[in-house]
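Report on the structure given below.
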Amino acid sequence: MKDTKPFPPLKNDNLLRAARGEVVDRVPVWVMRQAGRYLPEFQELRKQHDFFTVCRTPELACEVTMQPLRRFDLDASIIFSDILVIPQALGLTVEMHAGVGPVLPQPICTPDDLKRLTPDGALSRLTYVGDAITMMRHKLDGRVPLIGFTGAPWTLMGYMIEGGGSKTMSKAKAWLTDYPEDTKLFLNLITDVIVDYLEMQVMAGAQMLQIFESSAEHLSKEEFLVWSTPYLRRIRNDLVERLTKKAVPLVPLTIFAKGAGHSLKEQSELGYDVISLDYTVDPVEARAQVGPNITLQGNLDPQDMYREPGELRTLTTEMVHKFGKSRYIANLGHGITPQTPIVSMETLVDAVHQAL
Ligand code: 1CP
């Protein structure tokens with residue numbers, strides 16, 4: 001039975017205020033991959049359960065989502081899942097191999113393989129994510145907002161062709177030159193599923209959405225503007241249209257295009273509320289590129305989390321001063337890494353809150 005109780009009122013809405021350009025009580029902070037392997041309690045739970053079992057079991061997904069919130073004074077939660085649940089829903093097998101990451105044993109090799117994908121009914125194979133989101137909204141009891149997310153089309157296409165992570169994405173990049181028309185079909189097919197998926201997440205209770213274009217780093221600027229941004233724009237526009245038809249308010253949208261610091265102005269024209277910066281981008285230059293009406297998120301180097309607490313505090317404070325209190329969400333410039341000491345998370349969160 002679907003849970004239809006109204007959600008508890010939000011107590012800390014600094015994240016949503018920052019995204020909308022409103023005044024905040026304090027700079028909000030959360031961390032990409034804040035639920036994950038650097039937490040001993042996550043590792044413990046993973047000993048008992050396979051990765052995708054955690055994603056598919058709302059009680060377990062909620063438990064893991066809650067873990068970082070029990071330890072740290074974070075201003076957001078992000079539902080525990082993975083970007084590769086879409087390739088799974090499209091009929092591909094995805095395994096999580098310890099120490100390696102995701103593996104797709106039967107990748108998409110040629111355009112002919114696109115026939116193996118099953119876009120019909122894909123959304124119905126993702127309802128467990130919506131169930132976890134709804135359950136999490138109740139468990140949060142309004143403490144902080146809940147972020148939903150998805151991989152972006154180019155990033156998901158990359159994993160589906162490469163059969164897992166790749167240092168070069170050379171097989172996926174070969175499609176751009178060898179099969180440009182089939183690439184467009186492939187990206188549009190993924191985009192359609194993403195729009196359905198994000199709409200479902202909003203209906204289930206997601207209060208903000210982040211789109212991870214983590215593999216933008218493998219594209220030149222010219223390629224990024226052909227193979228990524230048109231689809232990012234369509235995701236936003238289609239979502240606005242869908243929700244407007246249902247008279248459901250749109251939630252703030254964040255784009256994280258890792259390695260696309262070359263196109264911040266172009267990203268600012270996609271209609272997203274927040275641009276998440278990777279750690280290579282200078283905050284002051286980024287602000288100059290995007291203008292005053294976009295919220296910036298980021299962008300401490302995850303490697304800085306290995307410094308002494310005093311040094312980490314200084315770097316974090318300097319970063320927050322560069323971004324300023326208005327239209328800013330503090331975060332790392334990519335996901336937190338597994339060996340990060342717990343004390344670094346405590347230091348980061350406290351330093352952000354004390355900085356201004
Ligand atoms: O065994 C384990 O426990 C695996 C570790 C792990 C975790 C904790 C993976 C495998 N995924 C996740 C969770 C996850 N993935 C979240 C959870 C929510 C949170 O932030 O707390 C999110 C948002 C993701 C998103 C994700 N998955 C991205 C985009 C962000 C990024 O890091 O660029 C990508 C690229 C993935 C693929 C993926 N899943 C897991 C790994 C190790 C990878 C990267 C593999 C690679 O390309 O090398």
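Ligands are counted one by one from 1 in listed order, and the atoms in each one are counted from 1 as well.
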Note: heavy atom closest to atom 45 (C) of ligand 1, options G165, P68, P102, belongs to P102
side-chain hydrogen bond (donor to acceptor under 3.5 Å, both in side chains) assessment of T280 paired with D278: CA-CA 6 Å; T280 66; D278 70 53; 2.5 Å; yes
Compute the shortest N/O to N/O distance between [X] and ligand 1 and return yes if it is under 3.5 Å, no if not.
{"X": "R46", "result": "yes"}
{"X": "S166", "result": "no"}
{"X": "G101", "result": "no"}

| said: Less than 4.0 Å is my threshold; does some heavy atom of M96 fall inside it relative to ligand 1? | reply: yes
- Query: At the 4.0 Å heavy-atom cut-off, does S81 count as touching ligand 1?
  - Reply: yes
Would you mind checking which non-hydrogen protein atom is closest to [atom], with the distance to 0.1 Å?
{"atom": "atom 46 (C) of ligand 1", "answer": "Y159 OH, 3.3 Å"}
{"atom": "atom 5 (C) of ligand 1", "answer": "R37 NE, 3.5 Å"}
{"atom": "atom 28 (C) of ligand 1", "answer": "R33 NH2, 3.6 Å"}
{"atom": "atom 23 (C) of ligand 1", "answer": "F149 CZ, 3.5 Å"}
{"atom": "atom 7 (C) of ligand 1", "answer": "F51 CE1, 3.5 Å"}
{"atom": "atom 11 (N) of ligand 1", "answer": "D82 OD1, 2.7 Å"}
{"atom": "atom 21 (O) of ligand 1", "answer": "A35 N, 3.0 Å"}
{"atom": "atom 31 (C) of ligand 1", "answer": "H334 NE2, 3.1 Å"}

Fill in: Chi angles and distances behind the ring-ring contact (aromatic ring centres under 6.0 Å, His included) call for Y272, F256
CA-CA 10 Å; Y272 286 69; F256 175 60; over 10 Å; no
[X]/[Y] ion pair, N-O < 4.0 Å:
{"X": "D25", "Y": "R17", "result": "no"}
{"X": "K322", "Y": "E318", "result": "no"}
{"X": "E41", "Y": "R70", "result": "no"}
{"X": "R234", "Y": "D192", "result": "yes"}

Between S228 and E213, do the side chains contain an N or O donor and an N or O acceptor separated by less than 3.5 Å?
yes
Contact region, Q210 to ligand 1, non-hydrogen atoms below 4.0 Å, reads neither
Can you hop from L264 to I255 via hydrophobic side chains spaced under 4.5 Å? yes
